[in-house]
Amino acid sequence: QVHLVESGGGSVQPGGSLRLSCAASGSIFSPYTMAWYRQAPGKQRELVAETGGSTRYADSVKGRFTISRDNAKKTVDLQMNSLMPEDTAVYYCNYRVRYRNIDSWGQGTQVTVSS
C-alpha cells in the first residue's frame, strides 16, 4: 500500500476556510481513486469528496468544498470554504485501486470549526 501524509488541519471559526493536502508515496498503480473522508465523534466515517474517473461530493459539502488532484505530484487537496461546526471531524485521505484491491488511508488530520 502507498503511504499517505495529510496536512492542513486545524481550528477555524465558522465561515472560515481551510485547505487540506495529501501526499502519496510508494508504488502508485493507475487508474486510481483518491478521496477525502471524515469521521466525527459518535458518527460513521463518511465520504466527503472523491476524484477518479469522476468527481463526487457529499450533499452536505457540495458547493462549499472542492477536491483537486495532481497526478504528477501524487497529491490531492481539499479546499474547504464556508466551514460550519458540523464539519468538525477527523479528515482522512484515501487511495484506492479497485482492480488490485488496494485501499490505503492516511492517519487523519483534525478539523475543528468553532466560534
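Below, each value reflects all heavy atoms present in this structure, side chains not excepted, and no hydrogens, waters or symmetry copies.
- Applying the side chain to side chain donor-acceptor pair (under 3.5 Å) criterion to D70, with sequence neighbours excluded, gives no partner residue.
- Across every non-hydrogen atom of A49 and L47, the tightest pair is O-CD1, 3.6 Å.
- Partners of T33 by side chain to side chain donor-acceptor pair (under 3.5 Å), not counting sequence neighbours, listed by chain and number: R98.
- Considering every non-hydrogen atom in both E6 and C93, the closest pair reads OE2-N, 2.7 Å.
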For residues 52-63, which side-chain donor-acceptor pairs fall under 3.5 Å, sequence neighbours excluded?
from : atom 1 : to  : atom 2 : distance (Å)
R56  : NH1    : E50 : OE1    : 3.2
Y57  : OH     : I67 : N      : 2.9
S60  : OG     : R38 : NH2    : 3.3

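- Note on residues 96-115: pairs passing ring-ring contact (aromatic ring centres under 6.0 Å, His included), not counting sequence neighbours, are Y37-W105.
- Applying the disulfide bond (SG atoms under 2.5 Å apart) rule to pairs touching residues 49-92 yields nothing, sequence neighbours excluded.
- Counting only residues at least two apart or on different chains, no salt bridge (Lys or Arg N to Asp or Glu O under 4.0 Å) pair has a member in residues 104-115.
- Residues V111 and M80 form a side-chain contact, since some pair of their non-hydrogen atoms from C-beta on lies under 4.5 Å apart.
- For CD of Q107, the number of neighbouring non-hydrogen atoms (other residues, nucleotides, ligands) closer than 6.0 Å is 12 at most.
- Between M34 atom CE and N71 atom CG the span is 9.0 Å, to the nearest 0.5 Å.
- With sequence neighbours left out, the side-chain contact (heavy atoms from CB on, under 4.5 Å) criterion links S82 to R64.
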Give every donor-acceptor pair under 3.5 Å between a side-chain atom in residues 11-30 and any protein atom, sequence neighbours left out.
from : atom 1 : to  : atom 2 : distance (Å)
S17  : OG     : N81 : OD1    : 2.9
R19  : NE     : D77 : OD2    : 3.2
R19  : NH1    : Q79 : OE1    : 2.9
R19  : NH2    : D77 : OD2    : 3.2
S21  : OG     : D77 : OD1    : 3.1

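- Screening residues 63-95 for ring-ring contact (aromatic ring centres under 6.0 Å, His included) gives Y32-Y95 as the qualifying pairs, with residues at least two apart or on separate chains.
- Residues satisfying the side-chain contact (heavy atoms from CB on, under 4.5 Å) criterion with Q110, sequence neighbours excluded, are T88, V90, T112.
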